[in-house]
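What follows is a set of notes on a single structure, which appears directly below.
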Amino acid sequence: MTESMGLRERKKRQTRSLISDVASHLFMQRGFDNVTVAEVAEAAGVSAKTVFNYFPRKEDLFLDRYPEAVELVTRAVRERAEGESPLAALRRLFLGMLREGHPLGGIAPGYEVFWQVILDSPALRARARELAEEFEGVLAGLFAEAAGSDRADPAPRLAAALVVAAYRAVYLTSIDRIRAGEPMQDVIADRAVQLDRALRAVEHAVAAF
């Protein structure tokens, strides 16, 4: 039974990845708003219903790594080393992903096309803002859980908002520099320093709250 469930789960993950990969290719080729879910389904060899079973919203076909991001930050905070703060655990996670070239690290050769697809689509930009708000809520919940705080304590929400703001500021600065023609490796090297500095500033700000 366990082996059967494992096989089904792998097949589901493979199907989800296939649909997302096909959709991303079409979106980057023709633009997000110029591709329908029906076209994605046909190109992936599945039904439109199957697409919506995995991705309730069309925008999530392109912004498909959000669940993985939630999983990674949740694990980082809950499984952090003894004596390590949640903010320090997140800083370690984010810098590690950047060093390793993880897709969620934010910058890699070829990402310019990905960013342009988002910039060209009001629907994708709106969904990206929604996901940022959802992510902030996830972080606030994790921080409150780690601190054992109650709903009256604003500190977890403040910490979450500052983390998202710091990450976003560094990320958007990096995008602007790359789009302006600066060498990718220079931007990546600077981003690691800037991200570390920004997240440490968040830690100090929260500690002083």
Side-chain angles (χ1 to χ4, degrees), residues 9 12-25 27-28 32 54-80 84 86-119 121 124-143 159-179 184-185 187-200 202-203:
E9 182 61 29
K12 286 173 64 176
R13 289 176 179 267
Q14 289 170 355
T15 300
R16 186 182 190 279
S17 180
L18 169 65
I19 293 171
S20 176
D21 288 348
V22 168
S24 295
H25 175 74
F27 295 151
M28 288 190 285
F32 179 80
Y54 286 94
F55 302 95
R57 297 177 59 164
K58 178 186 173 185
E59 293 81 8
D60 294 340
L61 283 162
F62 198 61
L63 303 171
D64 64 305
R65 288 189 176 271
Y66 176 72
E68 182 183 356
V70 170
E71 181 181 343
L72 287 171
V73 299
T74 299
R75 187 184 308 135
V77 172
R78 289 180 175 168
E79 299 178 5
R80 68 189 185 281
E84 184 179 39
L87 287 171
L90 288 181
R91 177 162 47 83
R92 176 169 50 80
L93 170 68
F94 294 154
L95 291 173
M97 289 195 299
L98 184 60
R99 284 194 303 270
E100 296 163 9
H102 190 285
L104 285 169
I107 298 179
Y111 270 40
E112 299 93 325
V113 179
F114 176 84
W115 299 327
Q116 193 62 52
V117 172
I118 295 176
L119 290 172
S121 171
L124 277 176
R125 293 201 305 274
R127 182 57 177 152
R129 288 192 293 270
E130 288 179 355
L131 290 177
E133 290 179 3
E134 290 179 24
F135 194 68
E136 185 178 312
V138 169
L139 291 179
L142 289 169
F143 295 157
L162 290 174
V163 167
V164 171
Y167 191 92
R168 184 174 184 273
V170 175
Y171 182 57
L172 293 180
T173 299
S174 299
I175 292 176
D176 288 344
R177 291 177 61 188
I178 291 171
R179 286 171 57 81
M184 177 78 69
Q185 292 307 314
V187 176
I188 291 176
D190 289 346
R191 186 179 179 211
V193 174
Q194 293 166 356
L195 186 57
D196 180 65
R197 183 182 301 146
L199 293 175
R200 287 183 185 277
V202 170
E203 290 183 66

(Q) Does Arg13, at its CZ atom, have more than 12 non-hydrogen atoms belonging to other residues, nucleotides or ligands within less than 6.0 Å? (A) no
Q: May I ask you to test the Glu112-Met184 pair for a side-chain heavy-atom distance under 4.5 Å?
A: yes
Q. Rounded to the nearest 0.5 Å, how far does CZ of Arg57 lie from CD of Glu130?
A. 4.5 Å
(Q) Can you tell me how far apart CD1 (Ile175) and CZ (Arg168) are? Round to the nearest 0.5 Å. (A) 9.5 Å
Q. Do Pro67 and Arg16 have side-chain heavy atoms sitting under 4.5 Å apart?
A. yes
Q) Which atom names give the shortest non-hydrogen contact between Thr74 and Leu142, and what distance separates them? A) CA-CD1, 3.8 Å
Q: For Leu90 and Phe143, run side-chain contact (heavy atoms from CB on, under 4.5 Å): C-alpha distance rounded to whole Å, both residues' side-chain angles, the deciding distance at 0.1 Å, then the answer.
A: CA-CA 11 Å; Leu90 288 181; Phe143 295 157; 3.6 Å; yes
Q | Heavy-atom pair of closest approach, residues Ile118 and Leu124 | A | CA-CD1, 4.0 Å
Q: Write down the atom of Val117, the atom of Phe27, and the distance for their closest heavy-atom approach.
A: CG2-O, 3.8 Å
Q: Compare every heavy atom of Ser121 with every heavy atom of Phe32, then report the nearest pair and how far apart it is.
A: CD2-OG, 3.3 Å
**Q.** Minimal non-hydrogen separation, Ala89 against Arg80, with atom names
**A.** CB-CB, 3.8 Å
Q: Would you give the length of the straight line joining atom CD1 of Ile188 to atom CZ of Arg177, rounded to the nearest 0.5 angstrom?
A: 10.5 Å
Q.
Less than 4.5 Å apart, side chain to side chain, heavy atoms only: is that true for Ser17 and Asp21?
A. yes
**Q.** Heavy-atom donor-acceptor pair, Ser20 side chain to Asp64 backbone, under 3.5 Å
**A.** no
Q. Nearest 0.5 Å, what's the CZ-NZ distance between Arg127 and Lys58?
A. 14.0 Å
(Q) Contact between Val202 and Leu87 at the side-chain level, heavy atoms closer than 4.5 Å - yes or no? (A) yes
**Q.** Glu71 and Arg65: CA distance, side-chain angles, deciding distance, salt bridge (Lys or Arg N to Asp or Glu O under 4.0 Å) verdict
**A.** CA-CA 10 Å; Glu71 181 181 343; Arg65 288 189 176 271; over 6 Å; no
Q: Evaluate the side-chain proximity of Gln116 to Met28: yes if any heavy-atom separation is below 4.5 Å, no if none is.
A: no
(Q) Trp115 vs Leu172, test: side-chain contact (heavy atoms from CB on, under 4.5 Å). Steps then yes/no. (A) CA-CA 10 Å; Trp115 299 327; Leu172 293 180; over 6 Å; no
(Q) With rounding to the nearest 0.5 angstrom, report the CZ to CG distance, Arg92 to Asp196. (A) 13.0 Å
Q.
With a 3.5 Å distance limit and no angle check, can you tell me whether Arg125 reaches the backbone of Leu119 through a side-chain donor-acceptor pair?
A. yes
**Q.** Residue pair Val77 / Leu139, side-chain heavy-atom distance below 4.5 Å
**A.** no
Q) Which heavy atom of Leu63 sits nearest a heavy atom of Ala128, and at what distance? A) CD1-N, 4.0 Å
Q.
Does this structure show an ion pair linking Glu134 with Arg129, if we count only N-O contacts that are shorter than 4.0 Å?
A. no
Q) Below 4.5 Å, heavy atoms only, C-beta onward: do Asp60 and Tyr54 meet side chain to side chain? A) no
Q) Going by the angle between their ring planes, with limits at 30° and 60°, are Phe62 and Phe114 parallel, tilted or perpendicular? A) parallel
Q.
If I take atom CZ from residue Arg200 and atom CG from residue Leu195, how far apart are they, to the nearest 0.5 angstrom?
A. 11.0 Å
Ignoring hydrogens and angles, write down the donor-acceptor pairs under 3.5 Å from the side chains of residues 94-108, residues two or more places apart or on other chains.
{"residue": "His102", "atom": "ND1", "partner": "Leu104", "partner atom": "N", "Å": "2.8"}
{"residue": "His102", "atom": "NE2", "partner": "Glu68", "partner atom": "OE2", "Å": "3.2"}

